[in-house]
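Everything below concerns the one structure shown next.
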Amino acid sequence: MANKAFSIEDFNLWYGTDQALYQINLDIPKHEITAVIGPSGCGKSTLLKTLNRMTETIPSVQTSGSIEYDGEDIFAKKKMVEELRTRVGMVFQKPNPFPKSIFENVAYGPKIHGIKKKQVLNEVVEKSLKGAAIWDEVHDRLNQNAFGLSGGQQQRVCIARCLAIEPDVILMDEPTSALDPISTLKIEELIKELKKDYTIIIVTHNMQQAARISDNTVFMLNGEMVEFSDTDQLFSNPKDKRTEDYITGRFG
Amino acid sequence: MNDKVNYSHIKGRVMKNAVVKWIFIMATSVALIFLALLIGRVLSQGVGYLSIDFLKNYPAPYIEEAGLFAGIMGSLAMISITAPVSMILGVCTALYLEEYARDNKFTRFIRVNVQNLAGVPSIVFGLLGLTFFVYLFEMGYTLIAGALTMSLLVLPIIVVAAQEAIRSVPSEIREASIGMGATKWQTIWRIVLPAAIPGILTGSILAFSRAIGETAPLIIVGAATAIYSIPDSLFSKYTVMPMQIYSWTARPQEEWQYVAAAGIIVLLIILLCMNAIAVWIRNKFQKRF
Ligand SMILES: Nc1ncnc2c1ncn2[C@@H]1O[C@H](COP(=O)(O)OP(=O)(O)O)[C@@H](O)[C@H]1O
Ligand SMILES: [Mg+2]
């Protein structure tokens, strides 16, 4: 793959003495949707959080191996982690808006990166909310607290908040698992829409979801990457016996 | 199996439930009755001696002329130094302990001992203040020495309240901020502190109410009992409301007890106001998570 966003080599991760990731080797392509599937506890979230170094907020975490983003080592000493997290944004499992207005939620990213002009902020907020397909629902109540929104709306505001820092990659950790089917559908539509402009890596425990929206799928088991291939191929013609067992529902 | 639920037990449990409820009601009543007696006595003795002059006058040898003005102004001056000093120190300490300090034996030791300090008798802080502020830093028996001593006294309470408030900010919204490339400090300043402020302020105001009623440490660091001026600099002599009240109760004539009761009413009203502010702040800034 010529155009790769992340290139992961021989990557291992430990929480204290418990190893959570074993020898991961993976190249994640740009401008495609890559789904990560696997049973609960297999290390999907850990792998995802490693990509923008969120795992470093846990003091006990140790790693080995290398991860390159855009051809550069993300762990390099001179690299500032804040810069990486600006280029690689994240949407979490549970909608987690700040206890602020909808406007302030979305303007937060631009503000911390130094944008002060009200007019610029207004534009970024509108653009991001439109990008997250929530503008029509909230444009007349931007000053209301984001907690007043439904779960699905909150999650789309969180996606807008992420878009507002203009990342290249969006990491999503089971973004629909706390939502009802209709909100889930809306967010899936949105993710497919976002693919034009962003590289998306989405963790999901929902295989149908992976099959519906992704271009590539990674199957993980017990901290190992078992299989990585084109989504259609992985679901119709898995190479590994364990993948086949999982997608046919024989375990997990 | 064919066991039926044994309904005869239910009666016993319902009985127990009622008995326990009554025990709690009685415990609460005891507290309320004593509180009512106390307030009733203070009011009946003191109300007659309350007047505008009582609020405006300096201490005097004659009951009709005696007033609490020096004490009220002294207490306010003291709180206006103690509040910022202890809150800045307290919130910074709490931020360090909660956000920056690594979790090891040493920091755990500090955490536990901050909590213990909150329970140390106030007179111990008086001795500390006497040793450090009055003698070592040569401040003498001045307002600043008293105010700093009081700051030490309330500091542990504020640290513990602030720690709890900071800890109760959900980790999800910290992660959201860090995950967008915010630095730790930006996250603390823009997300954690605003969310923790109601808790910090209510805890602090309750701590200040305690400080306003304290005498023991101030006797040690040399607050005056009778003084005929209000503090006009950090190095003024000063008195505070409870000191004046204390000195009145020590006089032999019975009527001075009533003057003291009037002083207690003023003190209680000020405390009530501070508590009301604490509740108001909590309600106003309460955020849902
Ligand atoms: N903060 C943590 N501290 C210690 N162990 C953790 C932590 N987070 C996850 N783990 C462990 O790492 C393994 C992988 O977890 P995770 O990446 O959350 O799995 P998944 O997202 O696939 O359910 C699990 O065994 C889990 O218990
Ligand atoms: Mg997970």
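Only this structure's heavy atoms are used, side chains among them; waters, hydrogens and symmetry mates stay out. Labels below follow one simple rule: chain letters A, B, ... track the order of the sequence lines, proteins then strands, and each chain is numbered from 1.
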Using only atom types and a distance under 3.5 Å, with no angle test, would you say the side chain of H113(A) pairs donor to acceptor with the backbone of A182(B)? no

Does Y100(B), at its OH atom, have more than 12 non-hydrogen atoms belonging to other residues, nucleotides or ligands within less than 6.0 Å? yes

Contact origin within P167(A) toward chain B - heavy atom pairs under 4.5 Å: neither

How long is the gap from CD1 on I178(B) to CE on M90(A), to the nearest 0.5 Å? 13.0 Å

When the 4.5 angstrom heavy-atom criterion is applied to K94(A) and chain B, the contacting part is side chain

Counting heavy atoms not belonging to E166(A), are there more than 12 under 6.0 Å from its CD? no

Would you say the side chain of M180(B) lies within less than 4.5 Å of the side chain of T86(A), judging by non-hydrogen atoms? no

Determine whether more than 12 heavy atoms belonging to other residues, nucleotides or ligands lie under 6.0 Å from atom CH2 of W14(A). yes

Check whether R161(A) gets within reach of chain B through its side chain, its backbone, both or neither, counting any heavy atom under 4.5 Å. both

Looking at every heavy atom in both T187(B) and Y108(A), which two are closest together, and how far apart are they? CA-OH, 4.0 Å

Kindly give the heavy-atom pair with the smallest separation between A176(B) and N96(A), and that separation in Å. CB-ND2, 3.4 Å

Atom group of R174(B) that falls short of 4.5 Å from chain A, counting heavy atoms: neither

Toward chain B: residues of residues 69-83 of chain A with heavy atoms under 4.5 Å: E82(A)

Does any part of the side chain of I173(B), heavy atoms only, come nearer than 4.5 Å to the side chain of P99(A), both counted from C-beta? yes

Side chains of F98(A) and P194(B), heavy atoms from C-beta outward: is any pair under 4.5 Å? no

Determine whether more than 12 heavy atoms belonging to other residues, nucleotides or ligands lie under 6.0 Å from atom CD of Q62(A). no

Is R190(B) close to K111(A) at the side-chain level, that is, under 4.5 Å between some pair of heavy atoms? yes

More than 12 heavy atoms of other groups within 6.0 Å of I123(B) CD1: no

What's the verdict on side chain to side chain contact (heavy atoms under 4.5 Å, CB included) for F92(A) and E172(B), showing C-alpha distance, side-chain angles and the deciding distance? CA-CA 8 Å; F92(A) 296 80; E172(B) 288 87 6; over 6 Å; no

Answer yes or no: does atom NZ of K127(A) have more than 12 heavy-atom neighbours from other residues, nucleotides or ligands under 6.0 Å? no

What option among V91(A), V88(A), T57(A), I165(A) has the most heavy-atom pairs under 4.5 Å with chain B? I165(A)

